[in-house]
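I have placed the structure first, in the form of structure tokens, so that the comments after it can refer back to it.
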Amino acid sequence: MEIYPDIGGFYGRFGGAYIPELLWANVEELREKYDSILSCSSYREELEGLLRDFVGRPTPLYFAAALSRESGAKIYLKREDLCHTGSHKLNNVTGQALLAVRMGKKQIIAETGAGQHGVATATVCALLKLPCTVFMGSRDMERQMPNVTRMRMLGARVIEVESGSRTLKDATNEAIRHWINNPAESYYLIGSTIGPHPYPDIVTRLQSVISRETITQLEKAEGRKEPDHVLACVGGGSNAAGSFYHFTGNGKTILTGAEAAGEGTDSGKTAATICTGSEGIIHGSRTLLMQTGDGQVRETHSLSAGLDYPGIGPLHARLNEKGLARYIPVKDHEAVEAAFRLTKLEGIIPALESAHAIALLKKISFNPGSIIVICLSGRGDKDMETFEKYFEKQT
Amino acid sequence: MKKNSIKKVYNPLTALLEKKRSRLLSVFFTAGFPELESTGQIIEALEGNGIDFAEVGMPYSDPLADGPVIQQASMKAIGNGMGLKKLFSQLEDAREKFTIPLVLMGYLNPVFQYGVEKFCKDARSAGISGVILPDMPLEQYERNYRQLFEENNLHFIFLITPTTPADRIKKIDSLTTAFIYAVSSSSITGVRKEEKGGGNFFERLKQMKLNNIYIAGFGIHNSGTLEKAWANSAGAITGSAFINKLNGYNDPDIAVKALLNDLYNR
């Protein structure tokens, strides 16, 4: 099945581990151990316990009646925004932190864009009493200050990254460099389905809880296991990988990812990697990325910090190539409008990232009465400043 | 077999290593830094000051194994307009004037975009002796690219670190045609830290009785670190320390002399 990488960590020709020798032993140790730990029954029990009692799973599959009426479909929201810390990120972090403990690691390193992954990591580290260092671009720190405060309150050391674009890409670079410098005791806890093998597989598997729950919940609500559509936003691609997982290649469900078009795919200010990128290597993975003709990684733009990343998980590059999922660009203003629409109709303020998935409702065609599951990956509290600016402009 | 294929055509690095197998000194610089057209002057200064071979850094926007010094030099170089096409034309010119062996060092993505085959051919015609691509996976090299590099008379130089297991070092030794780049500490470039057990690393290497020589790099910036590298291995590679000198002195010749003053404690 396309959702699993081969032995070398490749999804077709995407993926692999293109890493400097300095990282080889770190990554190899993880590669050797992850599968047996993730499949071990005591690990699974411990993880399920925490997902239930600490994260707050299962998250509801909420029938959005007003949005459904407006759209002419039966729309269900998978409420990942109701997870502890406010996004799906905690699913992955909890799983990887337990993996780190079982590998005997003593401290956690993470990167963060919007700060959701950083907050989730700082949270689990507080719970498990693990020292935690989070790298965050200075530009992202400015636009997501509440999350910086949360991380610090949780005891994490937040390191401001001034290099390059000062966003997620460079935060990831710095986290990896820190890992090179502190190899033996550190676990690098990556936040999306990116990076060298085995990270994309680890994160995909840990996020697959989203589609696993969806199956059971949808069966109860609708008497069928497969929705007609699943919609999710894609930055690195973790919530999309998790919400597509069990529906991939089933021949019944159309999977659609929303990429951040920024100001438009031909504006030069975009983060729509699949639509406008080309094949290459970023953060140890062969995938699609935004780059110049000389192979330099381009700076991207999205109003949403969580989608402002020049690469895409190799799994998505593969699903796109095989036609098993499609990826549609959504502009900044379309996402903001969708956020306001959802808020007004359903009383739910989505994260700007998740609002890109909501915006797909106006971009895809579906049969009347279709069952559509949208992954509402996070809540919008962190985006108030952006929403406020937009609100002022409108009134 | 592989040794033969690389030896049949003259290769300046092969020739160097045939006559000198200890106390080698190599200097790394980022092409396009401080100025777009600095490449030739820097090569001239390195040759003029008796550096054994030079590593020409191909700047990349996201150099994962590099510290702030080389990162900043790379960004500056990219901003100056440096790219592989430009670099090869500069190196073609330099080749007519200088004989110092040149090794290209950089990351895989720009090479992929250029096309690995075209890269190898252009490197060959620019008289390049070898290539270091730290993020090229060993298995990929062996399966997909080894033949290409060897056909073009290019040594492929692998890195090893104190965390590289013995069987992997042996494997790397078997694929090596010039020397192994031994990173003496688990760190990115330009980090001046003493590895606990760093001495053990070279002791281990010595006992492994490898077929190839190894040259130490990363963190070499003064006579102490240089002498240590020379005692432990066949030579030393210094990079960030030289970039720092280029930052301080505009003239490459003065920068090389200042570097040598530090290294030789003059």
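Below, chains carry the letters A, B, ... as their sequence lines are ordered, and counting in each starts from 1. The figures that follow rest on heavy atoms only: side chains count, while hydrogens, waters and symmetry mates do not. On a predicted model such as this, the values are computed, not experimentally measured, just so you know.
Using a 4.5 Å cut-off between heavy atoms, A/Gln291 contacts chain B through its side chain alone, with no backbone atom that close. Contacts of A/Arg286 with chain B are made by side-chain atoms alone, with heavy-atom separations under 4.5 Å and no backbone atom involved. Only the side chain of B/Phe218 comes within less than 4.5 Å of a heavy atom of chain A; its backbone N, CA, C and O stay farther away. For B/Ile160, the part sitting under 4.5 Å from any heavy atom of chain A is the backbone (N, CA, C, O) and nothing else. For chain A, the nearby part of B/Phe112 is the side chain; its heavy atoms alone come within less than 4.5 Å. Interface remark: A/Leu22 contributes backbone and side-chain atoms alike to the contact with chain B (heavy atom separation under 4.5 Å).
Salt-bridge formation is not detected for the pair A/Glu111/A/Lys169: no Lys NZ or Arg NE/NH1/NH2 atom is positioned less than 4.0 Å from an Asp or Glu carboxylate oxygen. Salt-bridge check for A/Glu142 with A/Arg139: failed, with every basic side-chain N at 4.0 Å or more from each acidic carboxylate O. Ion pairing between B/Arg168 and A/Glu28 fails under the 4.0 Å rule for side-chain N and carboxylate O.
With chain A as partner, the option from B/Gln140, B/Glu139, B/Met136 having the largest number of non-hydrogen pairs under 4.5 angstrom is B/Gln140. Ranking A/Thr292, A/Leu289, A/Asn173 against chain B, the residue ahead of the rest is A/Asn173, based on heavy-atom pairs under 4.5 Å. Contact tally against chain B (heavy-atom pairs below 4.5 Å) for A/Glu279, A/Arg177, A/Arg298: the top residue is A/Arg177. Ranked by heavy-atom pairs under 4.5 Å with chain A, the first of B/Pro137, B/Ala65, B/Gly83, B/Pro59 is B/Pro137. The most heavy-atom pairs under 4.5 Å with chain B, out of A/Val297, A/Asn26, A/Ile176, come from A/Val297. Between chain A and the residues B/Leu108, B/Thr161, B/Leu64, B/Leu138, the largest count of heavy-atom pairs under 4.5 Å involves B/Leu64.
In terms of modelled atom types and a separation under 3.5 Å, the side chain of A/Ser163 and the main chain of A/Asp170 share no donor-acceptor contact. For the pair A/Ser285 (side chain) and A/Pro196 (backbone), a donor-acceptor distance under 3.5 Å is absent.
Nearest heavy atoms, B/Ser233 versus B/Tyr214: CB-O, 3.2 Å. Taking both residues in full, the closest heavy atoms of B/Ala241 and B/His221 are given as CB-CB, 3.8 Å, listed atom of the first, atom of the second, then distance.
In this structure the side chain of A/Ile312 never reaches within 4.5 angstrom of the side chain of A/Ile194, judged on heavy atoms. Taking 4.5 Å as the limit, some side-chain heavy atom of B/Phe156 sits within range of a side-chain heavy atom of B/Tyr141. Between B/Asn232 and B/Lys228, the closest side-chain pair of non-hydrogen atoms falls below 4.5 Å.
A 6.0 Å sphere centred on CD of B/Glu117 holds no more than 12 heavy atoms belonging to other residues, nucleotides or ligands.
Close approach to chain A, defined as a heavy atom under 4.5 Å from one of its heavy atoms, is seen in B/Asp66, B/Gln71, B/Ile78 of residues 66-79 of chain B, taken by number.
Remark: of the listed residues A/His117, A/His283, A/His316, A/His283 is the sole one forming a ring-ring contact (aromatic ring centres under 6.0 Å, His included) with A/Tyr309.
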